[in-house]
Number of protein chains: 2
Amino acid sequence: MTKKEEKKFEHFLEEFKTLVTKKGFKNTVQKDCILKVLYFSKEHLSAEEITKKVQKEFDMDIGIATVYRSLNFFEQMNVIESLDVGDGTKRFEFKVEQHHDHMICTNCHKIIEFSDDFIELNQIKVAEKNGFILEDHIMTIYGLCEDCQ
Amino acid sequence: MTKKEEKKFEHFLEEFKTLVTKKGFKNTVQKDCILKVLYFSKEHLSAEEITKKVQKEFDMDIGIATVYRSLNFFEQMNVIESLDVGDGTKRFEFKVEQHHDHMICTNCHKIIEFSDDFIELNQIKVAEKNGFILEDHIMTIYGLCEDCQ
DNA sequence: CTACTTGCAAAAGGTTTGCATCTGA
DNA sequence: TCAGATGCAAACCTTTTGCAAGTAG
């Protein structure tokens with residue numbers, strides 16, 4: 001991670017922590033570490049993977065229960081989102097400004113991210129047409145990736 | 001279910017059973033019942049719900065293990081598909097000719113089905129652009145339904 | 001006949017929860 | 001100070017599996 005990215009994260013973290021306090025919750029080292037791992041991870045991690053990463057990268061004895069509680073908390077705070085890959089575990093990723101979707105290989109479970117403006121626009125239309133207040137959407141394409149064909 | 005629908009199902013079942021035999025698997029009363037329940041269900045059922053429905057509607061003592069095994073079998077045979085509603089269980093539905101997607105209320109978990117040609121076309125394009133051989137896709141929109149707003 | 005299926009119960013995951021202890025604001 | 005957070009282990013739920021018995025082709 002570059003210095004610039006690091007700075008960007010620090011800035012986000014600061015703002016986030018203010019919000020956490022304002023809502024009456026507490027900031028902890030554990031939460032910071034989990035968030036940092038998610039922020040800088042290129043992959044979509046499971047709770048167990050996050051636990052191990054935090055333990056390894058921060059030399060910290062974090063329990064998986066804390067990780068799950070934090071993940072649920074972050075999801076409610078709308079800074080991360082979860083993803084069903086179909087391998088039996090929930091996977092998590094930091095929520096970035098620009099929405100993107102996923103293409104998953106049914107053979108090797110590789111995940112490719114993509115974003116498509118048409119799809120973004122269309123889901124808004126579909127939601128409106130059905131009287132839904134749009135909160136989020138998931139578009140996942142399943143198929144065989146180039147390596148597995 | 002009307003007589004016409006019943007007829008349609010019988011016809012499908014007949015064809016499907018031929019395919020099952022041809023592939024070297026066996027047809028059983030249990031499989032027939034599960035398939036019938038899925039075919040005529042308006043809702044997206046969990047394995048447990050399917051088990052109870054079969055037990056009740058056909059007065060049959062089916063085990064949930066059989067239901068799970070059959071569901072996995074049907075999914076591989078490509079006649080049903082599974083759906084992650086976010087309530088901790090996999091839900092299943094019969095695969096109809098015309099693909100459709102889902103809109104799920106984050107409050108009451110109600111599921112509304114919709115289909116949109118633009119989305120159908122676009123996912124094909126996206127898959128091609130990334131060298132994927134398309135198998136399937138899921139587009140799920142999350143939001144608040146009219147009743148829950 | 002023989003390989004596929006079934007039902008039961010046990011096992012196996014992943015996720016949540018109770019509780020005593022700890023800690024941030 | 002004290003409500004919220006943590007770590008541990010136990011509990012929970014859904015799904016899978018081993019095995020002996022049953023059954024379709």
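Per chain, numbering begins at 1; letters A, B, ... match sequence-line order.
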Engineer: Side chain of B:Lys26: nearest nucleotide among C:dT15, C:dC4, D:dT6?
Structural biologist: C:dC4
Engineer: Taking the side chain of B:Gln30 as heavy atoms from C-beta outward, which of C:dT5, C:dT15, C:dG7 is closest to it?
Structural biologist: C:dG7
Engineer: Can you tell me the distance, in whole Å, between the CG atom of B:Asp84 and the P atom of D:dC13?
Structural biologist: 19 Å
Engineer: Report the distance from atom NZ of A:Lys90 to atom P of C:dT15, rounded to the nearest whole Å.
Structural biologist: 7 Å
Engineer: Find the distance A:Asn27:CG to D:dA3:C1' and express it as a whole number of Å.
Structural biologist: 14 Å
Engineer: Has the side chain of B:Arg69 got a donor or acceptor that lies under 3.5 Å from a partner of the other kind on the base of C:dG7?
Structural biologist: yes
Engineer: Does the side chain of A:Tyr68 get closer than 4.0 angstrom to OP1 or OP2 of C:dT15 through an N or O atom?
Structural biologist: yes
Engineer: On DNA chain D, nearest-nucleotide positions of A:Ser70 versus B:Phe25: which is more 5'?
Structural biologist: A:Ser70
Engineer: Let me know the distance between CZ of B:Phe73 and C1' of C:dT6, rounded to the nearest Å.
Structural biologist: 14 Å
Engineer: Would you indicate which nucleotide in C:dT15, C:dT5, C:dT6 comes nearest to any side-chain atom of B:Thr66?
Structural biologist: C:dT6
Engineer: Any side-chain N or O of A:Asn72 less than 4.0 Å from the OP1 or OP2 oxygen of C:dT16?
Structural biologist: yes
Engineer: Using OP1 and OP2 only, check whether a side-chain N or O of A:Thr89 sits under 4.0 Å from C:dG13.
Structural biologist: no
Engineer: Between atom CE in A:Met60 and atom C1' in D:dT6, what is the gap in whole Å?
Structural biologist: 11 Å
Engineer: Provide, to the nearest angstrom, the distance between the CG atom belonging to A:Leu45 and the P atom belonging to C:dT15.
Structural biologist: 13 Å
Engineer: A:Met77 CE to D:dG4 C1': how many Å, rounded?
Structural biologist: 14 Å
Engineer: Figure out the NZ/P separation between B:Lys23 and C:dT5, and round it to whole Å.
Structural biologist: 13 Å
Engineer: Just by distance, do the side chain of B:Glu57 and the backbone of B:Cys33 share a donor-acceptor pair under 3.5 Å?
Structural biologist: no
Engineer: Taking the side chain of A:Thr28 as its heavy atoms from C-beta onward, which of C:dG14, D:dT6, D:dT14 lies nearest to it?
Structural biologist: D:dT6
Engineer: Classify B:Ile64 by what it touches in the nucleic acid, base, sugar-phosphate, or nothing, heavy-atom distance under 4.0 Å.
Structural biologist: nothing
Engineer: Regarding A:His99 and A:Gln123, is there a side-chain donor-to-acceptor distance under 3.5 Å anywhere?
Structural biologist: no
Engineer: On DNA chain D, does the nearest nucleotide to B:Ala47 precede the nearest nucleotide to B:Val29 from the 5' side, or the other way round? Give the residue.
Structural biologist: B:Ala47
Engineer: Do B:Lys110 and B:Asp147 have side-chain heavy atoms sitting under 4.5 Å apart?
Structural biologist: yes
Engineer: Are A:Lys31 and D:dA5 close enough that a side-chain N or O sits under 4.0 Å from OP1 or OP2?
Structural biologist: yes
Engineer: Taking 4.0 angstrom as the limit, do B:Asp116 and A:Lys125 come out as a salt bridge?
Structural biologist: no
Engineer: For a quick check under 3.5 Å, do B:Gln30 and B:Ser70 share a side-chain donor-acceptor pair by atom type?
Structural biologist: no
